[in-house]
Student: 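My questions will all concern the structure given below.
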Amino acid sequence: HPATDGLTLQVLGSVLEIFLSPFAKWGIFWDYGSLFQHPDSDSGIVRSMEEEILFKHGLDSLSQFFAHPNTRVLKLSQIPSSVLLSTSSRTATHNTKPYHDRGWPFVESCWAGLTKNSEFVLVLGAWIPVLAPDDEAHRLAYLLDQLRQGTRRAPLLPDEFNSIVDMKSFSTVMDDGPLVKRLYRACFVEQFRITSRFSYAKLGWSNDDVLQLSKIIEGGCISNAIAELNLSANRFDGTSFQRLCEGLVDQGISVADFQA
């Protein structure tokens, strides 16, 4: 949600500025700002009927923004420590529940973490602009390298997602719970059906993550021959890697370019 002092926008703006180029055009979708919200639900002022229809239509399409292979997802998981030090004396008036305990951020993170290239999901909580190089080309490389590390775990199977999402905090649990479970399952099936290039490089994955990916493969979720499977610069050993390879063989899935 927006910060009244503009700090969230300041962090986001410093990152978006690096992507700016006279040769590229970008569109920005920000869930809270791009979907109609209740003007003042505490006072009984809610969305109009037309806004409610558009809001629900937007929710049904939400997974496409986060899971699409060509969108970049910027996660505002926390305020950078350099900013927190300068604002520690202020009184918090907004929701202070941790990012990953909140329902919608968790759901959107799961969508983005399905099959998207590891460079396309960035966590802005670790962003400290003053440490970035001065020249534009190296600033972008630094940004992509620093902010993707450890940004996500291996994808959850739909039933696993259902169990975990029940423990998350939603403003309207009765409506949002069944909705996100339906949307996640549909998105999971579709993304693993159409994707042939998987780049999970440099995410700090451990044996547990590789074994989780193995479960997805063993479950027959991947229907295409794999053009690329990149697991390089992670932290797993031969045991989990062997199971992954055995799963690929058992499912008859060929991999043209395998990096580990």
Side-chain angles (χ1 to χ4, degrees), residues 8 11-21 23-34 61-78 80 99-100 104-129 132-133 136-156 161 183-184 186-205 209-210 212-213 216 221-222 224 226-234 255-260:
T8 299
V11 172
L12 180 62
S14 69
V15 171
L16 292 178
E17 186 178 20
I18 296 176
F19 285 101
L20 293 179
S21 164
F23 308 106
K25 293 183 178 180
W26 298 87
I28 298 174
F29 175 84
W30 194 341
D31 55 357
Y32 184 83
S34 299
S61 305
L62 201 56
S63 63
Q64 299 174 31
F65 285 98
F66 290 93
H68 194 282
N70 295 327
T71 59
R72 293 186 183 272
V73 175
L74 308 179
K75 297 166 63 173
L76 290 156
S77 58
Q78 64 185 55
Y99 178 86
H100 291 290
W104 279 106
F106 171 76
V107 174
E108 293 162 355
S109 293
C110 288
W111 284 331
L114 288 173
T115 59
K116 193 182 292 291
N117 185 302
S118 58
E119 288 190 351
F120 280 52
V121 181
L122 305 177
V123 179
L124 273 56
W127 178 237
I128 304 177
E136 293 182 6
H138 287 92
R139 280 175 68 86
L140 180 57
Y142 175 86
L143 174 82
L144 298 178
D145 183 63
Q146 294 297 311
L147 299 191
R148 67 168 161 164
Q149 299 186 54
T151 55
R152 68 195 207 235
R153 303 267 59 88
L156 294 170
F161 171 86
L183 292 177
Y184 182 81
C187 186
F188 178 95
V189 171
E190 177 67 6
Q191 290 305 310
F192 280 101
R193 183 185 68 83
I194 65 175
T195 302
S196 62
R197 293 186 177 275
F198 300 87
S199 179
Y200 299 121
K202 208 171 186 178
L203 289 177
W205 277 16
D209 294 292
V210 177
Q212 178 68 18
L213 183 59
I216 293 173
C221 303
I222 298 176
N224 290 331
I226 297 177
E228 176 189 3
L229 179 55
N230 188 350
L231 299 174
S232 60
N234 284 302
V255 182
D257 182 8
F258 201 160
Q259 303 174 51

Student: At what distance, to the nearest 0.5 angstrom, does OG of Ser77 lie from CG of Leu122?
Tutor: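 Rounded to the nearest 0.5 Å, the OG-CG separation comes out at 11.0 Å.
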Student: According to side-chain hydrogen bond (donor to acceptor under 3.5 Å, both in side chains), who are the partners of Gln64, at least two apart in sequence or on a separate chain?
Tutor: none
Student: Please report the shortest heavy-atom distance between Leu62 and Trp104, naming the atom on each side.
Tutor: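 That would be CD2-CZ3, 3.7 Å.
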Student: When rounded to the nearest 0.5 angstrom, what distance separates CG in Asn117 from CD in Glu228?
Tutor: 7.5 Å
Student: Let's go through Arg153 and Trp205 carefully: what are the C-alpha distance in whole Å and the side-chain angles of both, what is the deciding distance for side-chain contact (heavy atoms from CB on, under 4.5 Å) to 0.1 Å, and is it a yes or a no?
Tutor: CA-CA 7 Å; Arg153 303 267 59 88; Trp205 277 16; 3.6 Å; yes
Student: Knowing that exactly one of Phe188, Tyr184, Trp111 qualifies, which makes a side chain to side chain contact (heavy atoms under 4.5 Å, CB included) with Ser63?
Tutor: Trp111
Student: Under the rule for side chain to side chain contact (heavy atoms under 4.5 Å, CB included), what residues qualify as partners of Phe106, not counting sequence neighbours?
Tutor: Cys110, Leu156, Phe161, Ile164, Val165, Lys168
Student: So, using side chain to side chain contact (heavy atoms under 4.5 Å, CB included) as the criterion, who are the partners of Thr115 when residues are at least two apart?
Tutor: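 Partners of Thr115 by the side chain to side chain contact (heavy atoms under 4.5 Å, CB included) criterion, ordered by chain and then number, come out as Gln191, Phe192, Thr195, Phe198, Tyr200.
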Student: Under the side-chain hydrogen bond (donor to acceptor under 3.5 Å, both in side chains) test, which residues partner Glu119, sequence neighbours left out?
Tutor: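 Expected list: none.
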Student: Does a side-chain heavy-atom distance below 4.5 Å link Asp209 with Leu203?
Tutor: no
Student: So how far is it from Ser196 OG to Leu229 CG, rounded to the nearest 0.5 Å?
Tutor: 11.5 Å
Student: Is Trp30 close to Leu12 at the side-chain level, that is, under 4.5 Å between some pair of heavy atoms?
Tutor: yes
Student: Report the residues that fulfil side-chain hydrogen bond (donor to acceptor under 3.5 Å, both in side chains) with Glu108, sequence neighbours left out, ordered by chain and then residue number.
Tutor: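 If we apply the side-chain hydrogen bond (donor to acceptor under 3.5 Å, both in side chains) test to Glu108, skipping adjacent residues, there are no hits.
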Student: Check ring pair (Phe, Tyr, Trp, His ring centres under 6.0 Å) between Phe65 and all other residues, then give those that pass, not counting sequence neighbours.
Tutor: Phe29
Student: Only counting residues at least two apart or in another chain, list the ones meeting side-chain hydrogen bond (donor to acceptor under 3.5 Å, both in side chains) with Asn230.
Tutor: Ser232
Student: Could you list the residues that satisfy side chain to side chain contact (heavy atoms under 4.5 Å, CB included) with Asn70, not counting sequence neighbours?
Tutor: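 Asn70 satisfies side chain to side chain contact (heavy atoms under 4.5 Å, CB included) with His68 only.
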Student: What closest approach, in Å, do Val121 and Ala112 show between heavy atoms, and which atom pair accounts for it?
Tutor: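 Minimum heavy-atom separation between Val121 and Ala112: CG2-O, 3.6 Å.
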Student: Which is it for Val123 and Arg152 under the side-chain contact (heavy atoms from CB on, under 4.5 Å) test, yes or no, and what are the steps along the way?
Tutor: CA-CA 9 Å; Val123 179; Arg152 68 195 207 235; over 6 Å; no
Student: Which residues pass the side chain to side chain contact (heavy atoms under 4.5 Å, CB included) test with Val189, not counting sequence neighbours?
Tutor: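 Here no residue qualifies.
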Student: I need the Leu114 CG to Ile216 CD1 distance, nearest 0.5 Å.
Tutor: 8.0 Å
Student: Mark yes or no for whether Gln212, through its side chain, and Pro155, through its backbone, hold a donor-acceptor pair below 3.5 Å.
Tutor: yes
Student: Dump the intermediate steps for side-chain contact (heavy atoms from CB on, under 4.5 Å) on Leu213 and Leu231, then the final yes or no.
Tutor: CA-CA 11 Å; Leu213 183 59; Leu231 299 174; 4.1 Å; yes
